Number of protein chains: 2
Amino acid sequence: MENHQLGTEIADALGLLLRRSTRARLYGRLTDGLPVDEFGYPVLSALARAGACSAAELAGEVGLDRTVVTRRATHLETAGLLRREPDPADRRATLLLLTDEGTAVVAELRRRLATLIADSLHDWPPTEAQAFAAGLTRFVADGPFS
Amino acid sequence: MENHQLGTEIADALGLLLRRSTRARLYGRLTDGLPVDEFGYPVLSALARAGACSAAELAGEVGLDRTVVTRRATHLETAGLLRREPDPADRRATLLLLTDEGTAVVAELRRRLATLIADSLHDWPPTEAQAFAAGLTRFVADGPFS
DNA sequence: CTGATTTGCGTGCGCTGTGCACGCTATCCT
DNA sequence: AGGATAGCGTGCACAGCGCACGCAAATCAG
């Protein structure tokens, strides 16, 4: 079973990726100088992907507790990156949506990350890089991450 | 600049990998039924790679504070997975080393992870899987993770 | 139509992991 | 020898996290 050996190789690489410090360092670099920290980033990014929605929906998206998203949203609201708005269809619900500045910050964050990654792929043969990107996407999609 | 688009694609995949919940869930599955939790696992695994060494060295390896490793090591020591031993060469230093059970647990953990990954690669064309493993290793090595 | 139940949201509270500062012991340098 | 340095472990404060509670609005039962 040579796949098992591949599993070991991938496991080593994943070990580094999953470190807290790795995530903290990466997010720290990305958010440097921007009015958002490593904790607000995932919420902001998820909101950009999902569009206007409730904190509970965002919680499922980010993989955190509902109340945590609420607190982070409040923080981001104070920073002026998102705003709350009563749901016109359901007056007990509160919609979270990006402000213009929030949209700009998300765009900048995504640009920085994409650039960072593209730079590290700079010396790769184009076909190899493309294959890796596709492979990673596939691996994450149906990998051991339910 | 098409690399930039690749960067965006990879960024999306990384976003999921870097989630706290992803790591917690994966480590939870791996350590299920074993006398080690998601916090002890990195320390145990690093100790297996590095061999007998001090907590400070392990801290650099894992990317945590020295005192945190000390506490986790104490926890693992209570569980019987590692033991402390005064460094014969330097009597103020304390060596951390795996017990037999600790070695067995690490082996089981690595086996589980490798199996998990290998399973998710089951349907992949062999060459594609191999290319992905190599790509991931390379990407992690000289990627944006200093 | 009215009262009870459910749903969604925000906040108070306790828990836990983390890092810093401190004290102690052993080693190294002068 | 004696002061400076290095290595460990622990007390402490801080912050993120999830649970439980209370309130407002909507839905359901009768």
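Quick note on labels: first sequence line is chain A, next is B, and so on, each numbered from 1. These figures come from a predicted structure and were not determined experimentally.
The interatomic distance linking A:E38 (CD) with D:dA15 (P) rounds to 14 Å, in whole Å. The nearest whole Å value for the distance from the CZ atom in B:R25 to the P atom in D:dC17 is 15 Å. Distance, B:D65 CG to D:dG9 C1': 12 Å, rounded to whole Å. The CG atom of B:L76 sits 12 Å away from the P atom of C:dG17 (whole-angstrom rounding). Following rounding to the nearest Å, B:F39 (CZ) and D:dC17 (P) show an atom-to-atom distance of 12 Å. Rounded to whole Å, atom P of D:dA26 lies 5 Å from atom CZ of A:R91. Rounded to an integer number of Å, the gap from CG of B:L58 to P of D:dG7 is 15 Å. Taking atom CZ of residue A:R20 and atom C1' of nucleotide C:dT18, one finds them 9 Å apart after rounding to whole Å.
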Could you tabulate the donor-acceptor pairs under 3.5 Å formed by side-chain atoms of residues 58-70 of chain B, not counting sequence neighbours?
| unit_1 | atom_1 | unit_2 | atom_2 | d |
| --- | --- | --- | --- | --- |
| B:D65 | OD2 | B:T67 | N | 3.0 |
| B:D65 | OD2 | B:T67 | OG1 | 2.7 |
| B:T70 | OG1 | B:R66 | O | 3.2 |

Donor-acceptor contacts under 3.5 Å from residues 89-107 of chain A side chains, at least two apart:
| unit_1 | atom_1 | unit_2 | atom_2 | d |
| --- | --- | --- | --- | --- |
| A:D90 | OD1 | A:R92 | N | 3.3 |
| A:D90 | OD1 | A:R92 | NE | 3.2 |
| A:D90 | OD2 | A:R92 | NE | 3.2 |
| A:T99 | OG1 | A:G80 | O | 2.7 |
| A:T99 | OG1 | A:L81 | O | 3.1 |
| A:T99 | OG1 | A:E101 | N | 3.4 |
| A:T99 | OG1 | A:G102 | N | 3.0 |
| A:T103 | OG1 | A:T99 | O | 3.0 |

Please list, one pair per line, the donor and acceptor atoms closer than 3.5 Å that link side chains of residues 31-44 of chain A to other protein atoms, with sequence neighbours excluded.
| unit_1 | atom_1 | unit_2 | atom_2 | d |
| --- | --- | --- | --- | --- |
| A:T31 | OG1 | A:Y27 | O | 2.8 |
| A:D37 | OD1 | A:F39 | N | 3.1 |
| A:D37 | OD1 | A:G40 | N | 2.8 |

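The side-chain hydrogen bond (donor to acceptor under 3.5 Å, both in side chains) test applied to A:R83 returns A:E85, not counting sequence neighbours. In this structure B:F132 satisfies the ring pair (Phe, Tyr, Trp, His ring centres under 6.0 Å) test together with A:F139, B:W124, sequence neighbours excluded.
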Between the protein and nucleotides 8-11 of chain C, list every N/O to N/O distance that falls short of 3.5 Å.
| unit_1 | atom_1 | unit_2 | atom_2 | d |
| --- | --- | --- | --- | --- |
| C:dG10 | OP1 | A:R84 | NH1 | 2.5 |
| C:dG10 | OP2 | A:T70 | OG1 | 3.4 |
| C:dG10 | OP2 | A:R84 | NH1 | 3.4 |
| C:dG10 | N7 | A:R66 | NH1 | 3.1 |
| C:dG10 | O6 | A:R66 | NH2 | 3.0 |

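Counting heavy atoms from C-beta on, the side chains of A:R20 and B:R20 come closer than 4.5 Å.
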